[in-house]
2 protein chains.
Amino acid sequence: MSRPDSDAPQDVTAKGVQRGRGPTMGDVAKAAGVSRPLVSIVMREAPGASIATRERVLRIANEMGYVPDERARKLRQNSSRLIGIAFELQQPFHGDVVEQIYLAAAESGYDVALSAVAPTRDEPTAVESLIRERCEALIVLGMKAQADDLQRIAERVPVVSVARRLKAPALGIVRGDDKAGLRMAVEHLASLGHQRIAHIDGADAPGSADRRASYRKTMQRLGLGDNIDVITGGLTEADGARGMSELLTRPVPPTAVIAFNDRCATGALDVAARTGLRVPANLSIMGYDDSRLARVPHVQMTTVSQDARELARAAVDLALEQIHGQAPREIIVQPRLVVRETTQRPG
Amino acid sequence: MSRPDSDAPQDVTAKGVQRGRGPTMGDVAKAAGVSRPLVSIVMREAPGASIATRERVLRIANEMGYVPDERARKLRQNSSRLIGIAFELQQPFHGDVVEQIYLAAAESGYDVALSAVAPTRDEPTAVESLIRERCEALIVLGMKAQADDLQRIAERVPVVSVARRLKAPALGIVRGDDKAGLRMAVEHLASLGHQRIAHIDGADAPGSADRRASYRKTMQRLGLGDNIDVITGGLTEADGARGMSELLTRPVPPTAVIAFNDRCATGALDVAARTGLRVPANLSIMGYDDSRLARVPHVQMTTVSQDARELARAAVDLALEQIHGQAPREIIVQPRLVVRETTQRPG
DNA sequence: ACGAGCTAATAGCACGTGCTAGCACAAAGG
DNA sequence: CCTTTGTGCTAGCACGTGCTATTAGCTCGT
């Protein structure tokens, strides 16, 4: 039974009772006829309130449209339980990883703050804004910044770098195993019966050297050393298209091609299609990353998965480790072969 | 594997004098030998401090690595000057708009809070987290939620919906002019000399009806009424591929095709290439949206631009209007024709 | 019957910052 | 000499919440 409600809207006081939006915890307490801390107890589901009171407070809070103020909450509990992510808006793969980080962080009771990197918004801006929000750790995806820049930031807050090769002992590092990835690709094609397997590489891109070396080594090991064929490619569709065009001028063209990444493979795919080659009947093509590009319905590209879920989980684990004072370390995530429809036995 | 950490106590001192990370305003004040409020004055560049003191405080703050706590700042000044954005991680076009919103908001002195929508993170979750951070307004991109859900949210905080057709008087709405867009597309192709111009539509997607009607009307107006050819398509590459395959079975196939969007056009492009048709020599193809897909180097698709910059600016304008108490309204942004390399005079 | 033990609820401080009011002091005017 | 004005700085409260310490209300064991 609530009393004849003294709920008069008296915003006469000079104090800030005049809020257009957002009732406060005190307002709910007054309306429910209890003390403010009790409302706090109910809202964060802490022990110390009876079930009846709990339900009543929750009902009233809901009626008033009360929502706890996250800033005040984070301010009070000295640990913000916040992990900051700097990511690139235009990288589909980053989107995958961010999504998984949300999940992994939530499991550990952490919240996530996003800060975008884009052509008109550089990394220092993004990182700075995350520090201002007092994130306990930063996860940076594919950061283009120099290693020493990140090192300087790491002096103030734990930093984990994902999917980017760099030497920086003060940073947590998560990356895929490039050597294993290309080994799996070659072995997959070889097991289908391919012998003339070419590689359009990533030029001087990070990881390209490892993948190139692994390609050569695996070809040798499988007794295909004489068929080693490495073409300089790059990160983009245009690079892949150029590489594919060059491969098609060979006296005896390859029956299978491993591109540096999915974008590069898409370019190669396009040139093959325009030349009248059927994929995979006449030519098998593989990508790398398992980005959305590879999963497009009418493409269905066979590729090597970097497994966003594992990368994200490893990144969050490293972040938590460093928050708890452990030294930064490196985690190498094993890639996974994803067989779709652009590879087949050679015709 | 990961333990739900039992949170080891690492902070020994009861007072927050010794925190591993993050010196406070008081620490800076003590180090500089001034009062705390004076540091506040210096940090926000308010009048009331001599130039000499200002420089000294700034220098010391910098040496200590002091960064103002955004949460405390936003908490104190009752207006958070924060605009929340709910966007989809996997939509390239959303990325473009978000980037531009950053810029537009900054011009008005507003900060931006990002909240992602993804398969494992639904819209209510994303929106709720933004409200908890006390954003003064919300901008939702391509929200799939029902109009009445958004209406309910709009009772608590101003909401602007972007690039999504819906009837909701309580919401600010920003969208492109679909009719004008398709008119421009048809006129472009007609001016090149095309007569048999087909349209792969978006089925029951939002905006599809308007575009379809505009296509018919414009064809009529240009005296091409007899060549009207609408195929049911959809939003994805597969839909475009299916539509294109169907068009190629026509006794007299079209010389130009307008797809519902860039993804749909990409599917059509792919089928054309596999069939041996040269684009644009034998067939012109147009997309819609001017997403990154259309700008891919080896594609270079002619398309209709939704102009992320204008959409973003309009959205921020509407948000600010509603924050200042004005009634929500609708802004229709005129699209722009982007001629690239998939259209040409009919051969 | 009476204190021990437990639950429900309250009082009060703290987090880091912004803002208003006020204090000390030097220069100018009487 | 005292009063007035302006400058440079400081004291103190407030924002909305979480946490610790404390008290009223109740059951229970002896």
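Letters go in sequence order (proteins before strands), and every chain restarts at 1. The structure presented is a predicted model; accordingly, all values stated were derived computationally and were not measured.
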I'd like to know if [X] pairs up with [Y] as an ion pair, taking the criterion as any Lys NZ or Arg NE/NH1/NH2 lying under 4.0 Å from an Asp or Glu carboxylate oxygen.
{"X": "E321(A)", "Y": "R329(A)", "value": "yes"}
{"X": "D111(A)", "Y": "K74(A)", "value": "yes"}
{"X": "E45(A)", "Y": "R54(A)", "value": "no"}

Item checked: Gap separating the CD atom of E123(B) from the CD atom of E88(B), nearest 0.5 angstrom -> 7.0 Å
Item checked: N or O in side chain of T24(B) less than 4.0 angstrom from dT17(C) OP1/OP2 -> yes
Checklist line | Any S50(B) side-chain nitrogen or oxygen under 4.0 Å from OP1 or OP2 of dT7(D) | finding: no
Margin query: Contact between I173(A) and I331(A) at the side-chain level, heavy atoms closer than 4.5 Å - yes or no?
Written below: no
Item checked: Heavy-atom check, side chain of P158(B) versus side chain of L138(B), under 4.5 Å -> no
Checklist line | Interface residues of residues 64-73 of chain B with DNA chain C (non-hydrogen, below 4.0 angstrom) | finding: Y66(B), P68(B), D69(B), A72(B), R73(B)
Check: Are R36(B) and T24(B) close enough that a side-chain donor and a side-chain acceptor fall under 3.5 Å?
Finding: no
Note to self: For a quick check under 3.5 Å, do R121(A) and S115(A) share a side-chain donor-acceptor pair by atom type?
What the structure shows: yes
Notebook entry, point to check: Hey, which of these two, G48(B) or L75(A), hits DNA chain D nearer its 5' end, going by closest nucleotide?
Noted result: G48(B)
Notebook entry, point to check: Quick one: bend of the helix from dA1(C)-dT30(D) to dG30(C)-dC1(D) from 5 pairs per end, to 10°?
Noted result: 70°
Find every protein N or O atom lying less than 3.5 Å from an N or O atom of nucleotides 19-23 of chain C, and list the pairs.
| from | atom 1 | to | atom 2 | distance (Å) |
| --- | --- | --- | --- | --- |
| dC19(C) | OP2 | R44(B) | NH1 | 2.8 |

Note to self: Is it true that, when you exclude R56(A) itself, more than 12 heavy atoms of the residues, nucleotides or ligands shown sit nearer than 6.0 Å to its CZ?
What the structure shows: yes
